[in-house]
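All remarks here apply to the structure that follows.
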Amino acid sequence: MSFCRSFQSTLFSLCFLFTTVRSSVVPRLLGSFHINQPGYIAVIPSGNGTGHDLIISCFNGVPLTTDHVYRVTDVRPHLSSLSNVRPDLVSTKITWPNEASAVPDDVFGSSMVVVAGGFLVPFKTKGTITLFNTTGTSIVGPYEITGGNEDHEWFYHRVRWLDMNGDGVKDAVTCRGKKSIFGGSSGELVWYEHPTVYRDNLLYPWTAHILGDDSDTFFDITSLPSSDGMLPCIITTGYFSNKLKIYWTTDPNGSWNDLSTVHSRIIESDIGHVFDVQVSDLNGDGKLDLLVTANGVSQTGLYIYEIPTDFRTGNFIRHVLKSDFHTHNILPGGGAPGSAQIIKSSSTSTGKPMILLSGDDDSRAYLFSPASTSVSDWTYQMNIFLDLHSGTVGGIAYSDVDADGFPELFVPAYSKNLVYIYTLKQ
């Protein structure tokens, strides 16, 4: 009997180990192409409705230099000859372009891309939110919606779209920050009102509405359960304030234009420069969690926070995935890691998503695979699939552009002037 039990225990352990090993995925390099100083990459639908384009934001840290936005049209046919890729110039009119993303089709009724811009580098601080029309073979734009007197005093990193005032059209939601060379810093959660009178006139400046402070870089939008039902929420990061915050509205129609119905609380203020956040179910229990990065020199980390039953009053439980990142850049704005995002793919057998992470100034790109199917197991296997040993790895993008069931990863090696492309197909 004891032998049988011992054998069964050993067999169970071997099966568990096999499952764990299978769940660890190593990206396979397909190739690379040259482009000067790629900082962020976005994969967007091609304007013709088939295929995928790459939008690449490129910026130069030298004051008064010109920054660029490029496009690679229909990237799929290039996967077999990546060294021959020659990106097309989209614009030189955006100062320090940051994250680009596709605008939902129902915002303007056509294919559009939005680019957030500006940074704390001297003479690069003029921030903007800029739109491009990508419907045809040629990109039309830029159209700047941040035309107010104070809009250019801030820099912007991300834009999302949500009807904030219940008028039937989606508005631009963002966080914005500013930092003087020798003085203090500020951050704001703000939304730009889509002008209904001039909704087709992209040259018309949009009005800014401030929701709160301490929020300056990235954010995510969701709805969360509470004792009063589902409530619309925005989770924000404060790089300068060191605060991870959550905002919500109690307006019965889910609107945000009445500040008396907008509330907030601090989730975390002890992990350093809070950089990015994504809302997703990380452990497969059917409940949403927060995937968070803290970017810095000494305080660094990749974290998961469990969202409590009532996010307004409960305790957010923190799980540390990795906390010993080492940056190669100790200048202002330098640090590690960068942004993290989940990948849901058939490549893993656990049912949980993998985590794709830019190391930023630690010069690496990471893929974290969940170690087991257990909802109470928060351990991950870490794979460093790119290590440049120096310089910066920018904002990574992924998408299954060749429709083989496995995503391709697009990694901007900023300091090497290259974009590396990997596949999760083994």
Side-chain angles (χ1 to χ4, degrees), residues 120 154-158 160 162 164 173-179 183-191 208-251 254 256 258-282 287-323 325 335 337-340 378:
L120 52 75
W154 305 83
F155 53 77
Y156 306 81
H157 273 79
R158 171 176 292 165
R160 294 289 183 263
L162 184 69
M164 299 291 283
V173 184
T174 189
C175 288
R176 61 187 188 181
K178 59 182 175 182
K179 174 74 168 69
S185 59
S186 300
E188 292 179 345
L189 172 61
V190 61
W191 60 280
H209 301 273
I210 301 168
L211 292 178
D213 58 7
D214 298 326
S215 308
D216 49 47
T217 313
F218 293 110
F219 64 98
D220 204 357
I221 299 175
T222 189
S223 293
L224 295 175
S226 74
S227 58
D228 295 322
M230 297 295 292
L231 296 175
C233 299
I234 303 175
I235 298 95
T236 67
T237 64
Y239 179 87
F240 297 119
S241 68
N242 295 348
K243 294 177 182 178
L244 177 68
K245 295 184 70 173
I246 184 167
Y247 293 82
W248 67 93
T249 176
T250 54
D251 182 274
W256 295 80
D258 182 357
L259 289 181
S260 68
T261 66
V262 176
H263 310 273
S264 68
R265 67 172 290 200
I266 297 171
I267 297 172
E268 178 68 272
S269 59
D270 294 323
I271 60 172
H273 298 311
V274 191
F275 189 67
D276 202 357
V277 59
Q278 183 181 9
V279 184
S280 184
D281 179 4
L282 273 299
K287 301 176 183 178
L288 293 175
D289 310 291
L290 304 181
L291 179 63
V292 177
T293 60
N295 177 291
V297 176
S298 57
Q299 281 187 288
T300 66
L302 173 65
Y303 306 100
I304 293 175
Y305 288 80
E306 293 184 69
I307 300 175
T309 303
D310 194 326
F311 66 89
R312 300 170 299 177
T313 56
N315 180 38
F316 286 74
I317 300 174
R318 183 178 71 197
H319 302 277
V320 182
L321 274 61
K322 180 176 170 60
S323 61
F325 297 91
S339 293
W378 298 93

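Residue numbers count from 1 along this sequence. Just so it is clear, the structure is predicted and the values come from calculations on it, not from any experiment.
- Take Glu188 and apply the side chain to side chain contact (heavy atoms under 4.5 Å, CB included) test, not counting sequence neighbours, and it matches Trp154, Arg176, Ile210.
- Using a 4.5 Å cut-off on side-chain heavy atoms (C-beta onward), Phe219 and Ile221 make contact.
- Of the possible polar contacts, none joining the Arg265 side chain to the Tyr247 backbone as a donor-acceptor pair under 3.5 Å is found.
- Taken from CG in Asp289 to OH in Tyr305, the straight-line distance is 12.5 Å, to the nearest 0.5 Å.
- Taking CD1 of Ile267 as the reference point, atom CD1 of Ile235 lies at 6.0 Å (rounded to 0.5 Å).
- Ring orientation note: the planes of Trp248 and Phe311 are nearly perpendicular, at an angle over 60° on the 30°/60° scale.
- Inter-residue side-chain proximity for Val292 and Val274 is flagged as met; some heavy-atom pair is nearer than 4.5 Å.
- Checked against a 6.0 Å centroid threshold, the rings of His157 and Phe155 count as neighbours.
- No side-chain heavy atom of Val190 sits under 4.5 Å from any side-chain heavy atom of Leu211.
- Classification of the Phe275-Phe218 ring pair by plane angle, with boundaries at 30° and 60°, yields perpendicular.
- When all heavy atoms of Tyr303 and Ala294 are compared, the closest pair comes out as CE1-CB, 4.0 Å.
- Thr222 OG1 to Ile246 CD1: the interatomic distance, rounded to the nearest 0.5 Å, is 8.5 Å.
- Remark: side-chain polar atoms of Asp220 are paired, donor with acceptor, to backbone N or O of Val279 under 3.5 angstrom.
- For residues 295-320, every residue pair satisfying the salt bridge (Lys or Arg N to Asp or Glu O under 4.0 Å) rule, not counting sequence neighbours, is listed here: Asp228-Arg312, Glu268-Arg318, Asp310-Arg312.
- At distances below 3.5 Å, not a single donor-acceptor pair connects side-chain atoms of Ser185 with backbone N or O atoms of Phe240.
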Would you sort out whether Asn242 and Ile271 count as a side-chain contact (heavy atoms from CB on, under 4.5 Å), showing the intermediate values? CA-CA 7 Å; Asn242 295 348; Ile271 60 172; over 6 Å; no
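- To the nearest 0.5 Å, the span separating CG on Asp213 from CG on Leu189 amounts to 10.0 Å.
- At a threshold of 4.5 Å between non-hydrogen side-chain atoms, the residues Ser223 and Leu231 do not count as touching.
- The structure places CG of Leu321 at 11.5 Å from OG1 of Thr293, a figure rounded to the nearest 0.5 Å.
- Between the side chain of Asn315 and the backbone N or O of Ile317 there is no donor-acceptor pair closer than 3.5 Å.
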Please assess Cys175 against Asp216 for the test side-chain contact (heavy atoms from CB on, under 4.5 Å), listing each intermediate value before the final yes or no. CA-CA 5 Å; Cys175 288; Asp216 49 47; 5.7 Å; no
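- Between Ile234 and Val173 the shortest side-chain heavy-atom distance falls below 4.5 Å.
- Within the model, atoms CG of Leu302 and CG of Asn295 stand 12.0 Å from one another, a figure rounded to the nearest 0.5 Å.
- For Lys322, the NZ atom counts as densely surrounded, since its 6.0 Å shell holds more than 12 non-hydrogen atoms of other residues, nucleotides or ligands.
- At least one donor-acceptor pair closer than 3.5 Å links the side chain of Thr174 to the backbone N or O of Arg158.
- A search for side chain to side chain contact (heavy atoms under 4.5 Å, CB included) contacts involving Lys243 returns Asp214, Ser241, Lys245, Ile266, Ser269, not counting sequence neighbours.
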Please lay out, stage by stage, how Trp378 and Leu282 fare under the test side-chain contact (heavy atoms from CB on, under 4.5 Å). CA-CA 9 Å; Trp378 298 93; Leu282 273 299; 4.3 Å; yes
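- A side-chain donor from one of Ser339 and Asp276 sits under 3.5 Å from a side-chain acceptor of the other.
- Of all non-hydrogen atoms in Pro232 and Gly254, the two that sit nearest each other are CG-CA, 4.0 Å.
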